[in-house]
Colleague: 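Okay, handing you the structure first.
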Amino acid sequence: DTGVSQNPRHKITKRGQNVTFRCDPISEHNRLYWYRQTLGQGPEFLTYFQNEAQLEKSRLLSDRFSAERPKGSFSTLEIQRTEQGDSAMYLCALGGLYNEQFFGPGTRLTVL
Amino acid sequence: GDSVTQMEGPVTLSEEAFLTINCTYTATGYPSLFWYVQYPGEGLQLLLKATKADDKGSNKGFEATYRKETTSFHLEKGSVQVSDSAVYFCALSEGSGGSYIPTFGRGTSLIVHP
């Protein structure tokens with residue numbers, strides 16, 4: 001089982017507020033990824049972890065974004081001082097043997 | 001850097017028609033290739049994969065062959081159903097020996113009419 005759960009599924013917030021999303025893998029996988037997806041586009045890489053170590057972070061990622069994976073299992077993605085341009089679907093995924101990605105259902109963020 | 005190019009959609013077909021969605025790639029190493037499917041309101045699901053040249057990935061009636069000479073990984077299905085309506089993403093990952101950051105195409109929307 002390579003399932004991933006994400007919470008919340010939907011988040012509506014006002015501009016300037018902070019939001020935090022959580023990703024919980026059902027099975028153990030060393031690599032955990034965060035992506036952002038906007039309408040009509042493919043997933044855009046944000047960052048990934050090898051166990052608890054954050055190995056790579058997109059250069060496009062603002063300093064307002066931070067992610068953690070404290071015990072190498074679940075992960076959180078926080079966005080500080082949200083902007084309307086942050087409205088998107090945020091996807092968590094686990095990397096398999098050939099780095100195939102097993103995605104969660106995503107968290108849809110709407111910034112008003 | 002690596003890149004994936006997919007045919008633009010939407011692709012509109014009648015039920016039981018033959019489907020081809022073209023995908024070509026550029027990569028510095030020897031990537032694994034993937035097709036993912038995304039149904040409305042859901043996350044992406046792995047549809048099939050091929051990990052080396054001439055491999056054929058298949059699942060749920062869909063097939064794709066890893067063609068190194070043409071750097072292509074076209075998705076095919078012999079007879080589509082209304083339930084196949086979704087967005088399809090081609091992707092690659094270099095994996096071990098290269099970058100662990102996957103590269104995705106922009107997606108191709110498929111609409112199947114009864």
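Just so it is clear: chains get the letters A, B, ... in the order the sequence lines come, proteins before strands, and each one is counted from 1.
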Colleague: Can you name the nearest heavy-atom pair linking A:Gln101 to B:Leu46, along with the distance?
Modeller: O-CB, 4.3 Å

Colleague: Can you confirm whether more than 12 heavy atoms, excluding those of A:Arg15, are under 6.0 Å from its CZ atom?
Modeller: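 Check fails, neighbour count at 12 or below.
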
Colleague: Specify which of A:Arg31, A:Gln6, A:Arg9, A:Gln50 makes the most heavy-atom pairs with chain B at under 4.5 Å.
Modeller: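 Maximum pair count with chain B is reached by A:Arg31.
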
Colleague: Say whether A:Val19 and A:Leu77 are linked into one hydrophobic cluster, either directly or through other cluster members, by side-chain heavy-atom distances under 4.5 angstrom.
Modeller: yes

Colleague: Do A:Phe65 and A:Phe49 belong together in a cluster built from hydrophobic side chains that touch within less than 4.5 Å?
Modeller: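 Hydrophobic grouping puts A:Phe65 with A:Phe49.
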
Colleague: With a sphere of 6.0 Å drawn around NZ of A:Lys11, does it hold more than 12 non-hydrogen atoms of other residues, nucleotides or ligands?
Modeller: no

Colleague: Can you see which heavy atom on B:Leu44 is nearest to which on A:Leu91, and at what distance?
Modeller: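 Reported closest heavy-atom pair: CD1-CD1, 3.9 Å.
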
Colleague: Just give me the residue among A:Pro43, A:Gly106, A:Gly42 that pairs up with chain B most often, heavy atom to heavy atom, under 4.5 Å.
Modeller: A:Pro43

Colleague: Can you tell me which portion of B:Gln6 sits under 4.5 Å from chain A's heavy atoms? Options are side chain, backbone, both or neither.
Modeller: neither

Colleague: Do B:Val4 and B:Leu48 land in one hydrophobic cluster if side-chain heavy atoms of ILVMFWY residues count as linked below 4.5 Å?
Modeller: yes

Colleague: Run through A:Tyr35, A:Tyr33, A:Phe45 and flag the one making a ring pair (Phe, Tyr, Trp, His ring centres under 6.0 Å) with B:Phe104.
Modeller: A:Tyr35

Colleague: Using non-hydrogen atoms and a 4.5 Å limit, figure out which bit of A:Arg108 sits close to chain B: side chain, backbone, both or neither.
Modeller: neither

Colleague: Angle class for the B:Tyr100/A:Tyr48 ring planes (parallel below 30°, perpendicular above 60°, tilted otherwise)?
Modeller: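 Tilted, since the angle between the ring planes falls between 30° and 60°.
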
Colleague: Would you say B:Glu42 has more than 12 foreign heavy atoms packed within less than 6.0 Å of its CD?
Modeller: yes

Colleague: Which of the residues B:Pro102, B:Ser32, B:Gly107 is involved in the greatest number of heavy-atom pairs with chain A at under 4.5 angstrom?
Modeller: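 So the answer, after comparing B:Pro102, B:Ser32, B:Gly107, is B:Pro102.
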
Colleague: Applying a strict under-4.5 Å side-chain criterion to I, L, V, M, F, W and Y, I'd like to know whether B:Tyr39 and B:Phe62 cluster together.
Modeller: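 Yes, same cluster.
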
Colleague: Is it true that atom CD of A:Glu68 has more than 12 heavy atoms of other residues, nucleotides or ligands lying nearer than 6.0 Å?
Modeller: no

Colleague: Heavy-atom cut-off 4.5 Å, strictly under: side chain, backbone, both or neither for A:Glu100 against chain B?
Modeller: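 The answer is both parts of A:Glu100.
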
Colleague: Shared ILVMFWY cluster between A:Met89 and B:Tyr88, side chains joined below 4.5 angstrom?
Modeller: no

Colleague: Quick check for you: to the nearest 0.5 Å, what is the distance between B:Lys49 atom NZ and A:Tyr98 atom OH?
Modeller: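 Taking NZ in B:Lys49 and OH in A:Tyr98, the distance rounds to 7.5 Å.
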
Colleague: A:Gln37 versus chain B, heavy atoms under 4.5 Å apart: side chain, backbone, both or neither?
Modeller: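 Contact with chain B: side chain only.
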
Colleague: Working to the nearest 0.5 angstrom, can you tell me the gap between B:Gln45 CD and A:Phe102 CZ?
Modeller: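 CZ of A:Phe102 is found 11.5 Å from CD of B:Gln45.
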
Colleague: From A:Leu46 CG over to B:Ile101 CD1, what is the distance, rounded to the nearest 0.5 angstrom?
Modeller: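 It comes to 10.5 Å.
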
